[in-house]
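Right, one structure below, let's go through it.
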Amino acid sequence: MIRLSASSDDVAEIEADALILGIIPGGEVTTHANLPEDIRTALTETARPLEPEAKVGATTILASPLVKAPRVVLVGLGEGNDADLRESAGAASRACGKRPGRIAVALPALTDSACQAVAEGLLLGSYRFDRYLTPKSDGPAPEPEWLIAGASDSALARAVILAEAVNGARDLVNTPPLDLYPESFAETAQTATSGLGVDVRVWNADQLEKEGFGGLIAVGSGSLRPPRLIRLEWKPEGARETVALVGKGITFDTGGISLKTNDGMATMKSDMAGAAAVLGIVCAAARLKLPIAVTGWLCLAENMPSGSAQRPSDVIRVHGGTTVEVMNTDAEGRLVLADGLDRAREEKPTVLIDIATLTGAQGLALGARTCGVMGTPSVRDAIVGAAGEAGEGMWAMPLPDHLREGLESKVADLRNVSNDRMGGMLTAGLFLREFAGDTPWAHVDIARPAFNEGGPYGATPSGGTGIAVRTMLRFLENRCGA
Ligand code: BES
Ligand code: MN
Ligand code: ZN
């Protein structure tokens, strides 16, 4: 349970386990909260020999008899814009000690959106995935209680909705594939959406087979745990348009018969991060009551090698009838997305967007913190713009026509891979474009940014990151002027 409240008390007097304040260039302590000026200058002097840094997220810890909190966390604010405040609050949230209960936060946030960014940063940065850890003898760490100076209740409420969507996606990504598989994912989606006014429909394997979802069936055929397709719908009265979001939900990607190396599959529990993001986005859109219709399509399967698995050179028929020669069973995401995109498009959404951990080539091109966005230029650029506003890394990438030739097959309408590895992220995008038809569409490749293999930084923890949730919610808000 998240505990977050606004406070207007003198922050020096708050009985808390830690107090978070900002540092600006020159090493000066800063806040817009209620803090006597003589205490602020005294704290700046106490901090001086510790050489506090003003760069985003740099933390300096000190103790001072002038404030009630036994630990003072000073955090660099960078330029102090919303994105920097979010990252700084995230870093500060992890510097509050091993078992803090109450934390007073007095960062300089003057506007509602700045307060929201601070609150998001705290809730995102302090995220932990400890479900599988045996509790220590002194009991589980207390849930933090955040007291945020000068915040409005509405900004805090919005921050909670966003952070729960992102952290929920992280939980799903971090859950081991022993426990997260298509059927259990579907149960989670049912629970997560209950009471939100979201309509849920689930296709089981028999229904998928009957209705021609050949991509999900083929990819799931090697697994003992059958595939699922989930449709989520948030449809407020009077909505003028519908955004369809399709998420890749490979609950584990071994590569199938085109088996990955052990190292290559180390992070492949994250191969459902697109579907997890879509679930979070639909839930948050409903909780925020955004005046725009959103359908979410979760394409869930486990990619395993076995006697019943699909083989390289098999020809499958995906939803809508297109035949695909599967030359590499490790290029499985595009097969399940072909089903999802085609089925989503049948309902004539105004915009179609897929979110997928699709290619290793994304990481080679853009690194671990920048997603590649391809598709109809207007949609693509609106997503990249929303990412900038939301503080996530996304970049527009092209879909060069010449690469499409690599997807020609002698025996089927398409091959699922090209013989040319160069530009693999773009080739994957070109494959998906075949299933978007005339609908304005974009593809977001979140492969590496979905899972942080390193240590935490800013508002991003190790492991699942929940990337794309904040961007897409901003995209939806921009789209409906909310
Ligand atoms: N799930 C992987 C992509 C991936 C790689 C995500 C690394 C996160 C980190 C995807 O299914 C895959 O295996 N793609 C292949 C495609 C290739 C066979 C054309 C790849 O990128 O190697
Ligand atoms: Mn794969
Ligand atoms: Zn995959």
Side-chain angles (χ1 to χ4, degrees), residues 173-174 177 180-182 215-216 218-223 227 246-277 298-305 309-314 324-340 354-372 374 397 403-404 406-407 409 414-432 443-454 463-465 467-468:
V173 169
N174 290 331
L180 190 78
Y181 44 96
L216 280 157
V219 173
S221 64
S223 174
V246 183
K248 172 177 173 182
I250 301 301
T251 55
F252 194 68
D253 182 12
T254 65
I257 296 296
S258 313
L259 195 62
K260 288 182 185 295
T261 60
N262 191 62
D263 283 355
M265 63 180 93
T267 61
M268 283 303 120
K269 68 174 182 181
S270 68
D271 213 18
M272 32 54 70
L298 317 186
C299 306
L300 308 173
E302 187 181 48
N303 191 20
M304 298 289 277
Q310 65 172 336
R311 295 149 285 256
S313 77
D314 273 348
V324 181
E325 186 186 15
V326 179
M327 292 311 294
N328 188 325
T329 64
D330 198 11
E332 83 298 337
R334 60 197 77 181
L335 304 176
V336 302
L337 289 171
D339 280 348
D354 70 80
I355 305 172
T357 48
L358 207 60
T359 66
Q362 174 282 324
L364 294 174
L366 294 170
R369 299 189 188 180
T370 308
C371 307
M374 289 138 274
M397 300 297 282
L403 289 177
R404 171 66 179 75
L407 296 172
S409 161
L414 280 174
R415 281 164 61 104
N416 77 327
V417 289
S418 163
N419 285 327
D420 183 3
R421 286 171 48 243
M422 299 296 155
M425 167 170 53
L426 319 178
T427 306
L430 285 160
F431 182 94
L432 296 177
H443 159 55
V444 186
D445 194 336
I446 61 169
R448 289 290 303 278
F451 195 84
N452 175 16
E453 296 181 51
T465 62
I467 188 87

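FYI, side chains are in, hydrogens and waters are out, and symmetry mates aren't considered; it's all heavy atoms of this structure. Both ligands and their constituent atoms are indexed starting at 1 by order of listing.
- Looking only at distances, no side-chain donor or acceptor of Ser418 sits under 3.5 Å from a matching main-chain atom of Leu407.
- Rounded to the nearest 0.5 angstrom, Lys248 NZ and Leu300 CG are separated by 12.5 Å.
- For atom 1 (N) of ligand 1, the choice among Thr254, Asp271, Leu335, Asn303 with the nearest heavy atom turns out to be Asp271.
- In this structure, the side chain of Arg415 does not engage the main chain of Met327 through any donor-acceptor pair within 3.5 Å.
- Nearest N/O/S atom of Asp253 with respect to the Zn ion (ligand 3) is recorded as OD2.
- Atom OE1 is the N, O or S atom of Glu332 at the shortest distance from the Mn ion (ligand 2).
- Counting heavy atoms under 4.0 Å from ligand 1, residue Met265 does not touch it at all.
- Side-chain polar atoms of Asp445 and Thr359 form a donor-acceptor pair below 3.5 angstrom.
- Close N/O approach between Glu332 and ligand 1 is found [any backbone or side-chain N/O within under 3.5 Å].
- For a threshold of 3.5 Å applied to N or O pairs, the pair formed by Asp330 and ligand 1 contains at least one separation below that value.
- Using a 4.0 Å cut-off to heavy atoms of Met268, the atoms of ligand 1 that qualify are 1 (N), 4 (C), 5 (C), 6 (C), 7 (C), 8 (C), 9 (C).
- Inclusion of Asn328 in the set of residues having an N or O under 3.5 Å from an N or O of ligand 1 is not warranted.
- Here Leu337 contributes atom CG and Asp339 contributes atom CG; the two are 9.0 Å apart, rounded to the nearest 0.5 Å.
- Asp253 OD2, 3.6 Å is the protein heavy atom nearest to atom 2 (C) of ligand 1.
- With hydrogens and angles ignored, the 3.5 Å screen pairs a side-chain donor or acceptor of Asn303 with a backbone N or O of Thr329.
- On a distance-only criterion, Thr267 and ligand 1 share no N/O pair closer than 3.5 Å.
- Residue Thr254 forms a side-chain contact (heavy atoms from CB on, under 4.5 Å) with just one option from Glu302, Met268, Met304, and that option is Met304.
- Considering backbone and side-chain atoms together, Gly360 places an N or O closer than 3.5 Å to an N or O of ligand 1.
- In terms of protein heavy atoms, atom 10 (C) of ligand 1 is closest to Leu358 O, 3.2 Å.
- Nearest heavy atoms, Gly372 versus Met425: CA-SD, 4.0 Å.
- With a 4.0 Å cut-off on non-hydrogen atoms, Arg421 does not touch ligand 1 at all.
- Shortest contact from atom 16 (C) of ligand 1 to any protein heavy atom: Arg334 NH2, 3.9 Å.
- In this model, a donor atom of one side chain and an acceptor atom of the other lie less than 3.5 Å apart for Asp271 and Thr357.
- Across all their heavy atoms, Val444 and Cys371 have their closest contact at CG1-CB, 4.2 Å.
- Checked options Val417, Leu335, Leu414; the residue passing with Val326 is Leu335 (criterion: side-chain contact (heavy atoms from CB on, under 4.5 Å)).
- Atom-to-atom distance recorded for Arg311:CZ and Ser258:OG is 12.0 Å, nearest 0.5 angstrom.
- More than 12 heavy atoms of other residues, nucleotides or ligands lie within 6.0 Å of CZ in Arg404, so this atom counts as buried by the packing criterion.
- Interface atoms of ligand 1 facing Thr357, defined by a heavy-atom separation under 4.0 Å, are 1 (N), 2 (C), 3 (C), 6 (C).
- In this structure, atom 22 (O) of ligand 1 has its sub-4.0 angstrom surroundings free of protein heavy atoms.
- Using modelled atom types, no side-chain atom of Ser409 and backbone atom of Glu325 make a donor-acceptor pair closer than 3.5 Å.
- Ligand-side atoms of ligand 1 in range of Lys248: 1 (N), 10 (C), 11 (O), range being under 4.0 angstrom from any heavy atom.
- Using a 4.0 Å cut-off between heavy atoms, Lys260 contacts ligand 1 through its side chain alone, with no backbone atom that close.
- In the vicinity of Val417, heavy-atom distances shorter than 4.0 Å reach the ligand 1 atoms 19 (C).
- Seen from the Mn ion (ligand 2), atom O of Asp330 and atom OD2 of Asp253 lie 170° apart in angle, a value rounded to 10°.
- Within the 4.0 Å heavy-atom criterion, neither part of Thr427 lies near ligand 1.
- Asp271 has its closest N, O or S atom to the Zn ion (ligand 3) at the position named OD2.
- Rounded to 10°, the angle formed at the Zn ion (ligand 3) by NZ of Lys248 and OE2 of Glu332 is 90°.
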